[in-house]
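Values below: every heavy atom of this structure, side chains too, minus hydrogens, waters and symmetry copies. Note on naming: letters A, B, ... go to the chains in the order of the sequence lines (proteins, then strands), and numbering restarts at 1 for each one.
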2 protein chains.
Amino acid sequence: MPPRYTRLVDSLPATVPFVGPETMERDRGAPFDARLGANENVFGPSPKALEAMRAADAEIWKYGDSTSHDLRHALAAHHGVAATNIVVGEGIDGLLGYLVRLVVEPGDTVVTSAGAYPTFNYHVAGYGGVLTSLPFRDDREDLPALIARATETGAKLVYLANPDNPMGTCWSGAEIAAALDGLGHGCLLVLDEAYAEFAPDGCAVGLPVEDERLIRMRTFSKAYGMAGARVGYAIGAEPLIRSFEKIRNHFGMNRSAQAAALAALADQAYLADVVAQVIGSRAEIARIAGACGLPVIPSATNFVTVDCGGNGDLARAMVGTLGARGIFVRMPFVAPQDRCIRVSCGTAADMAALEAAFAGALAEARDKVGATV
Amino acid sequence: MPPRYTRLVDSLPATVPFVGPETMERDRGAPFDARLGANENVFGPSPKALEAMRAADAEIWKYGDSTSHDLRHALAAHHGVAATNIVVGEGIDGLLGYLVRLVVEPGDTVVTSAGAYPTFNYHVAGYGGVLTSLPFRDDREDLPALIARATETGAKLVYLANPDNPMGTCWSGAEIAAALDGLGHGCLLVLDEAYAEFAPDGCAVGLPVEDERLIRMRTFSKAYGMAGARVGYAIGAEPLIRSFEKIRNHFGMNRSAQAAALAALADQAYLADVVAQVIGSRAEIARIAGACGLPVIPSATNFVTVDCGGNGDLARAMVGTLGARGIFVRMPFVAPQDRCIRVSCGTAADMAALEAAFAGALAEARDKVGATV
């Protein structure tokens, strides 16, 4: 007789949020030439972070510090908050899971945008939450509508990625702060700021950290170039941050990853250089797409969303024809954003590979879907 | 207004399973001379694992393979099972959390031993399970009683660490297989085999992997010397293993840690050498304790539990007096096992430090509690 799963688990689908590029590479029988589909940072971490990581590897026989003391204190100083306002976790994915677990019981309402981060939705479903998804407006998450719907429905959580994935658009921090005034009592805005370091002013919200309407998620996976290390953190009011202690996997953090994150944070000059390179690459992607007549959505992230036009068929075909040419990209899941492909910023070599493949991939994709230029 | 936590979260205490050694070192204002309290493997990982880890660090900008494909397949070959019988996770701690989430709803019964692994209890409480704890018998977890109680109470899970922590004792695989015949339908035995590589025959249970009464948890934290890497895995029937896909953090594994685990697994000669060193260190701990008249519990792990005698006061004092001398050890939580201290195996230098401190620490501890020799 099998184990007796919970009713909730029995009700869950066996789907996974993402198929990873390694799986795709095994399926296609060859590695990709340009890995531009997971919004990783090909420029990598600071050499100082890498050096700290390798030095810490020598002590990998020790468990990591379960309180991430040094990293939390450094992050607190960096953000001008107290260490008690910060919890470190296994990437934003891990922290989103903890947050949903803290507040969502079966039947509770959660609000997000249709086509926003699937892993958040996965966690909400995984704890029995009922997800309400609102359409994007003008290729941005519809902040006023999200707040209004959360308030109307008595939602416990409302999710906003700022800057947004998969479109790369953003709201200013001031707009977010203003919108919060309409948020219903006891509803928490989860601000996923994975890409904030790439945004013009970091989209700083400018509210006191003890404001209980807001929790901000940050990561070392994007601008700091350490996606494989799994280091994220959340910034919020002290009682909320403390509540994570009740449920989190206390010894879940990789020891070397913590050491590397500490060194990466200290090297803000390198970060600034990476951001400059990303901005350069954004322009390159726009140029490559533009040369084929495709416009791009202005991006505040380390990826550029290219508008292929039409009803989504062309973009879907284009992901395939680029993939067949060794260029890994992804695309938004939901109409009308699924008219686009999403291309992560890359090195000069990545951009050359993209450029070499782009026109042919587009022509073949147009052929496949019978699109006229 | 604060976020609206779930009723379950509101009911949870703010306690944590363990205070880590880094926290203790900050509190005492100095590092320990010998870190013998967390059952880490001071002999460290295979040099080949370390080399693979550092090589993989160069690609830390990439997310890790979300399916741990290569590692799962290598583990499958190693254990003579299919890759679909193995799930890789963020240490046994992470996997225990997932397992409890899969089966435990508020009010469900779970059976363990009083003084067994606190992190398992933490997860059970965290999902609202009702824990029944049975006493050890003759310093072993009482396997027949655990199985009987689980069956009587209709428990969904029963936990057994084999070899056991904190006593270092074990049951043979044949005894476990026989005991399973008495297990109630739909109850799952969680066999925590974190220390199995140190046990005489690995305590191999010898049942078909598709037996749905059993799930086995393994780790790279102990014999493989990579506690800071957070790599654990579970071996079980394919439907149960597949169910983890519904809830696990798919991109939660550190990329370099996966690469290192793969290399560590391939270096079984190094593993055998480490086990031999651990066995030598076990004898040293027994010798050092014995020189002061303290017997030890025969150990099948990488630690030795030293019997200080009495009601627990002496052992508690001894943890303090050894700590003050720079020797980090822990002790069992529950009587009568709390008459003991638990000393992890160490290098020759660690053993020299232990020996230099032991007699003085014991004398001071006896003074503190007024014990007579």
Side-chain angles (χ1 to χ4, degrees), chain A residues 1-6 9 12 14 16-17 20 22-23 26 38 40-42 44-45 50 53-54 57 59-67 69 90-91 93-94 97 102-103 105 126 156 185-186 188 212 225-230 239-240 242-243 245-247 249-252 254-257, chain B residues 1-6 9 12 14 16-17 20 22-23 26 38 40-42 44-45 50 53-54 57 59-67 69 90-91 93-94 97 102-103 105 126 156 185-186 188 212 225-230 239-240 242-243 245-247 249-252 254-257:
Chain A
M1 182 173 158
R4 288 164 286 162
Y5 300 105
T6 67
V9 165
L12 293 175
V16 302
E22 280 77 11
T23 303
R26 279 188 295 270
E40 294 156 331
N41 178 351
V42 304
L50 198 54
M53 185 178 288
R54 286 176 167 147
D57 286 348
E59 293 204 325
I60 203 68
W61 62 271
K62 299 180 181 176
Y63 289 100
D65 178 6
S66 62
T67 69
H69 176 277
E90 306 92 335
D93 285 1
L102 283 173
V103 302
E105 301 193 56
K156 280 184 162 179
H185 286 308
L188 181 67
E212 293 188 293
M226 292 169 39
R230 315 315 300 130
L240 173 57
R242 195 173 58 232
S243 71
E245 299 302 303
K246 291 181 171 184
I247 60 160
N249 186 4
H250 287 268
F251 286 87
N254 181 290
R255 186 178 184 94
S256 301
Chain B
M1 181 174 160
R4 288 164 288 161
Y5 301 105
T6 68
V9 165
L12 293 175
V16 301
E22 281 77 11
T23 302
R26 279 188 294 271
E40 295 156 330
N41 178 351
V42 303
L50 197 54
M53 184 177 289
R54 285 176 167 148
D57 286 349
E59 293 203 325
I60 202 69
W61 60 271
K62 298 179 183 178
Y63 289 100
D65 178 8
S66 62
T67 68
H69 175 277
E90 305 92 335
D93 285 1
L102 283 173
V103 301
E105 301 193 55
K156 282 184 161 178
H185 286 308
L188 182 66
E212 293 189 292
M226 293 169 40
R230 313 315 301 128
L240 172 58
R242 196 174 56 231
S243 72
E245 299 302 303
K246 292 182 170 183
I247 60 160
N249 185 6
H250 287 268
F251 286 86
N254 181 290
R255 186 176 184 95
S256 302

Exercise. Tell me, side chain or backbone of B:L50 under 4.5 Å from chain A's heavy atoms, or both, or neither?
Worked result: side chain
For this session: Flag the pair A:M226 / B:R255 as yes when at least one side-chain heavy-atom distance between them is below 4.5 Å, and no otherwise.
Result: no
For this session: List the steps and the verdict of side chain to side chain contact (heavy atoms under 4.5 Å, CB included) for A:T6 and B:L102.
Result: CA-CA 6 Å; A:T6 67; B:L102 283 173; over 6 Å; no
Problem set entry | Residue part contacting chain B, namely of A:P45, when any heavy atom lies under 4.5 Å | side chain
Seminar exercise, completed: In short, A:K62 meets B:E40 closest at the heavy-atom pair CA-OE2, 3.3 Å
Exercise. Looking at side-chain heavy atoms only, is the closest gap between B:I60 and A:M53 below 4.5 Å?
Worked result: yes
For this session: Let me know if A:L188 has heavy atoms under 4.5 Å from chain B in its side chain, its backbone, both or neither.
Result: side chain
Exercise. With a 4.5 angstrom heavy-atom cut-off, which part of A:I247 approaches chain B: side chain, backbone, both or neither?
Worked result: both
For this session: Sequence neighbours left out, what passes ring pair (Phe, Tyr, Trp, His ring centres under 6.0 Å) with A:H69? Give chain and number order.
Result: A:H73
For this session: List the steps and the verdict of side chain to side chain contact (heavy atoms under 4.5 Å, CB included) for B:D93 and A:Y63.
Result: CA-CA 12 Å; B:D93 285 1; A:Y63 289 100; 6.0 Å; no
Problem set entry | Which portion of A:R26 sits near chain B, non-hydrogen atoms under 4.5 angstrom | side chain
Exercise. Quick one: what part of A:N41 sits under 4.5 Å from any heavy atom of chain B, side chain, backbone, both or neither?
Worked result: backbone
Exercise. What part of A:H250 is in contact with chain B, defined as an atom under 4.5 angstrom from a non-hydrogen atom: side chain, backbone, both or neither?
Worked result: side chain
Problem set entry | A:P2: side-chain contact (heavy atoms from CB on, under 4.5 Å) partners, not counting sequence neighbours | B:E212
For this session: Considering only heavy atoms and a distance below 4.5 Å, find which of B:G252, B:G186, B:G126 pairs most often with chain A.
Result: B:G186
For this session: Between chain A and each of B:G91, B:A227, B:A257, B:A14, count heavy-atom pairs under 4.5 Å; write down the option with the most.
Result: B:A227
